[in-house]
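Let me begin by presenting the structure, written as structure tokens, before commenting on it.
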Amino acid sequence: MSDEPELDATDEASKLDEIMAVRREKLARLREAGIDPHPPRFRPSHTLIEVRDAHHALPAETETDEVVTVAGRIVGRRELGRLTFLVLREDGVDLQLFCRSGTLDDAARALLAELDVGDWVGATGVVMTTRTGELSVGPSTLTLLGKGLRPLPDKWHGLTDTEQRYRQREVDLTVNPDARRVFATRSRIVSALRRTLQGHGYVEVETPMLHPIPGGASARPFVTHHHTLDLELYLRIAPELYLKRLIAGGMRRVFEVNRSFRNEGMSPRHNPEFTMLESYAAYDDYTDIMALTEELITAAALAANGSTDLEHQGRPLSLAAPFRRVTLLDLVREATGRDDLTYDLPRADVAALCATHDVDVDDAWGVGRLVVALYEELVEPVLWEPTFVLDHPVEVSPLARTHRDDPAVTERFELIVGGRELANAFSELVDADEQRRRFTAQVAARHAGDDEAMRIDEAYLRAMELGMPPTGGLGVGIDRLVMLLADVATIRDVILFPTLRPDRPDDDRPDTDRPDTD
RNA sequence: GCGCCGCUAGCUCAAUUGGCAGAGCAUCCGGCUCUUAACCGGCAGGUUCGGGGUUCAAGUCCCUGGCGGCGCACCA
């Protein structure tokens, strides 16, 4: 021991500090022994799942003559005299290393003494089973692939603290199989959507996320600033307007899967950044898009679960097409028992109906918006089976084409599943002059205090003035689709790193107002 | 934003009416050549989220701040 006072070092050292100090000592010993704790590469001959698949039927107490090299993170360690059992984990698959002192080479024996749960390690040895039948690799040599300095959570209870799971997703992914499952499912879903669209000739594109004017949806944007241009920019709230400009430019079918940002409340169903799929097709109307939507949802469900039947939050749910199609007005008539309800009724009558059903309304809302309020309050939450809700009022649909048979509504649908909106689509409004009038109405609403109302986007209007074909557009909330198909209750469980407040005051955050020093 | 609930060892959790802060796992030391939540023995580990207050005495009560969860509002 040193002569220095131990007070500072020991009295203030937490258990975590002690554990990490011990691990650093092990690391130092390994380096002294000439072992590189961070080798530049490693070449396993097999993944753990490959070894498991190839030998799943091996009887107990069998030692094959097949030598494999595998790798993974140590998630379990059991010592029994000169025997050591290590549990290796790779991509959520576990395989045991049966380490016999007599079989290991000298270097491996020395390394084994310094190995902890959490370390990454490679092993070369024979495929075998133990007396109890556990498929194992019996290594003759071990290779350190990465030393862990921090301990992993409790091997049995894992990491259950919600906050820590989101803040330290790498730990969550290591110890909680369900986290891994959800994100694997998400990947398969997005791939299936891409495949399906590409199969119909849709071209994937990427449009700006920095917008001079936020558009394409009704939402409060994030504001940012570009130094060189000295320009206010907005993180996009939707890609819609740019994608439709591509249709105006003659791209027949396009889609984009990427992030949008909305500066609004957070909840189990809302994250400030979220992923949307939007697609646009020349010549199509919203009935064509309904067929496309059914196909996309089916493909996603099959990719996720191999079936269109699933259980969501304890309730069975069938996603088998075709989905029910019913107008928004008919749904509200049914829910209120008012068969005489139309968009032509005096506003006071509809407002009174809202009052009857305890639906809060705003004085600025017209009849269309009032009917939508009734729908959102009384109908949407109880629509469990997939339902295309059709023909929303013009008042709430500034970018959608007026219905060919009814000037009060648009050719629009929302797909509702499990009480939630999964998709929103319409026959796109392509009449430049009509679009300008709709924008003007939005600006009036903005002046009346609706800070989510849309602004006039001249570049977009100019594109429409160039001439647009009939166009069918679709938007799908990917996060919510994954929630549904993976059966999870909160959006934070389908986003790898959900937005959280910093867990401690952060004094050295970059200061965006400071002039560049270079 | 508002309301309710939570925060104790690295992890998972206890702590009676306000009365000495504990356990399991992990770590560390010792034992064991077929374990798999291994087992057996031993040592150690605490800013009870931060700050303030009441009290002889605060994890517990009060005030205040932080972070999270849920609900409401807004939306996808």
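The structure displayed is predicted, hence computed values, not measured ones. We name chains A, B, ... by the order of the sequence lines, and we start the count at 1 in each one.
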5' precedence on RNA chain B between A:Ala219 and A:Ser136 (nearest-nucleotide basis)
A:Ser136
Report which part of the nucleic acid A:Leu83 touches: base, sugar-phosphate, or nothing (heavy-atom distance under 4.0 Å, all strands).
base
Pairs meeting criterion salt bridge (charged side-chain N to carboxylate O under 4.0 Å, His left out) with involvement of residues 263-278 of chain A, two or more places apart
A:Arg259-A:Glu273
Rounded to whole angstrom units, what separation is found between the CD atom of A:Glu25 and the P atom of B:rC28?
10 Å
At 4.0 Å (heavy atoms only), tell me whether A:Gly81 reaches a base, stays on the sugar-phosphate, or touches nothing.
base
Expressed in angstrom and rounded to an integer, what is the separation of A:Glu264 atom CD from B:rG1 atom C1'?
13 Å
B:rC28, OP1 or OP2 - any side-chain N/O from A:Lys26 closer than 4.0 Å?
yes
Atom CE of A:Met20 to atom C1' of B:rA44: distance rounded to whole Å?
19 Å
Using the test side-chain hydrogen bond (donor to acceptor under 3.5 Å, both in side chains), find all partners of A:Asp65 that sit at least two apart in sequence or belong to another chain.
none
Taking 4.0 angstrom as the limit, do A:Arg412 and A:Glu414 come out as a salt bridge?
yes
Determine: side-chain N/O of A:Thr162 to OP1/OP2 of B:rG69, distance under 4.0 Å, yes or no.
no
For A:Gly475, answer base if it contacts any base atom (sugar-phosphate contacts may also be present), sugar-phosphate if it contacts only those atoms, and nothing otherwise; contact means non-hydrogen atoms under 4.0 Å.
nothing
How would you label the contact of A:Asn271 with the nucleic acid (heavy atoms, under 4.0 Å): base, sugar-phosphate, or nothing?
base
In whole angstrom, what separates A:Met266's CE from B:rG1's P?
12 Å
Hey, is the side chain of A:Arg501 poking within less than 4.0 Å of OP1 or OP2 on B:rC67, counting only N and O atoms?
yes
Can you tell me how far P in B:rA58 sits from the matching atom in B:rU16, rounded to whole Å?
16 Å
Take atom CZ of A:Arg82 and atom C1' of B:rC34, then tell me their distance rounded to the nearest Å.
14 Å
Touch class at under 4.0 angstrom, heavy-atom based, for A:Glu61 against every strand present
nothing
Under 3.5 Å, which protein N or O atoms sit close to an N or O of nucleotides 23-26 of chain B? Give each pair with its distance.
unit_1, atom_1, unit_2, atom_2, d
B:rG24, N2, A:Asp154, OD2, 3.0
B:rC25, O3', A:Lys155, NZ, 3.4
B:rC25, O2, A:Asp154, OD2, 3.3
B:rA26, OP1, A:Lys155, NZ, 2.6

For nucleotides B:rG18 and B:rU55, find the distance between their C1' atoms and express it as a whole number of Å.
9 Å
Provide the distance between the two C1' atoms, one in B:rG46 and one in B:rG3, to the nearest whole Å.
33 Å
Which part of the nucleic acid does A:Gln96 contact within heavy-atom distance under 4.0 Å: base, sugar-phosphate only, or nothing?
base
Does the base of B:rU35 carry an N or O that pairs as donor and acceptor with the side chain of A:Glu134 under 3.5 Å?
no
Establish, yes or no, whether the cationic atom of A:Arg455 lies under 6.0 Å from the six-membered ring centre of A:Tyr234 and within 45° of the ring axis.
yes
Roughly how far apart, to the nearest Å, are B:rU60 and B:rG50 at atom P?
10 Å
Pairwise 5' ranking along RNA chain B for A:Thr275 and A:Thr490, keeping only the more 5' one
A:Thr490
Going by atom type alone, with no hydrogens or angles, which donor-acceptor pairs under 3.5 Å involve a side-chain atom of residues 362-376 of chain A and a protein atom two or more places apart or on another chain?
unit_1, atom_1, unit_2, atom_2, d
A:Asp362, OD1, A:Ala364, N, 2.8
A:Tyr375, OH, A:Glu380, OE1, 3.3

Show me the pairs that pass salt bridge (charged side-chain N to carboxylate O under 4.0 Å, His left out) and involve residues 76-91 of chain A, at least two apart or across chains.
A:Arg77-A:Glu79, A:Arg89-A:Asp94, A:Asp91-A:Arg180
Residues which pass side-chain hydrogen bond (donor to acceptor under 3.5 Å, both in side chains) with A:Glu61, listed by chain and number, not counting sequence neighbours:
none
Check the distance between B:rC74's C1' and A:Arg269's CZ and give it to me in whole angstrom.
12 Å
Determine the contact category for A:Asp161: base if any of its heavy atoms lies under 4.0 Å from a base atom, sugar-phosphate if only primed atoms, P, OP1 or OP2 are that close, otherwise nothing.
sugar-phosphate
In this structure, is the centre-to-centre distance between the rings of A:Phe85 and A:Phe98 below 6.0 Å?
yes
Give the rounded distance in Å between these two atoms: CZ of A:Arg220 and C1' of B:rA73.
12 Å
Expressed in whole Å, how much space separates the P atoms belonging to B:rA21 and B:rU48?
11 Å
A:Leu500 side-chain proximity, nearest of B:rC34, B:rU12, B:rG69
B:rG69
Measuring only the C1' atom in each nucleotide, how far is B:rA26 from B:rC62? A whole number of Å is fine.
38 Å
Rounded interatomic separation in angstrom, taking CZ from A:Phe274 and P from B:rC74
17 Å
I'd like to know if A:Arg29 and A:Glu32 make a salt bridge, using a cut-off of under 4.0 Å between side-chain N and carboxylate O.
no
Can you check whether A:Arg78 has a side-chain N or O nearer than 4.0 Å to OP1 or OP2 of B:rC40?
no
Pick the C1' atom in B:rC29 and in B:rC13, then give their distance to the nearest Å.
27 Å
Hey, does the side-chain of A:Ser101 have a donor or acceptor N/O within less than 3.5 Å of a partner on the base of B:rU33?
no
With a cut-off of less than 4.0 Å, is there a side-chain N or O of A:Arg492 near OP1 or OP2 of B:rG68?
no
Taking 4.0 angstrom as the limit, do A:Glu63 and A:Arg100 come out as a salt bridge?
yes
Nearest-angstrom distance, C1' atom, B:rC25 to B:rG19:
30 Å
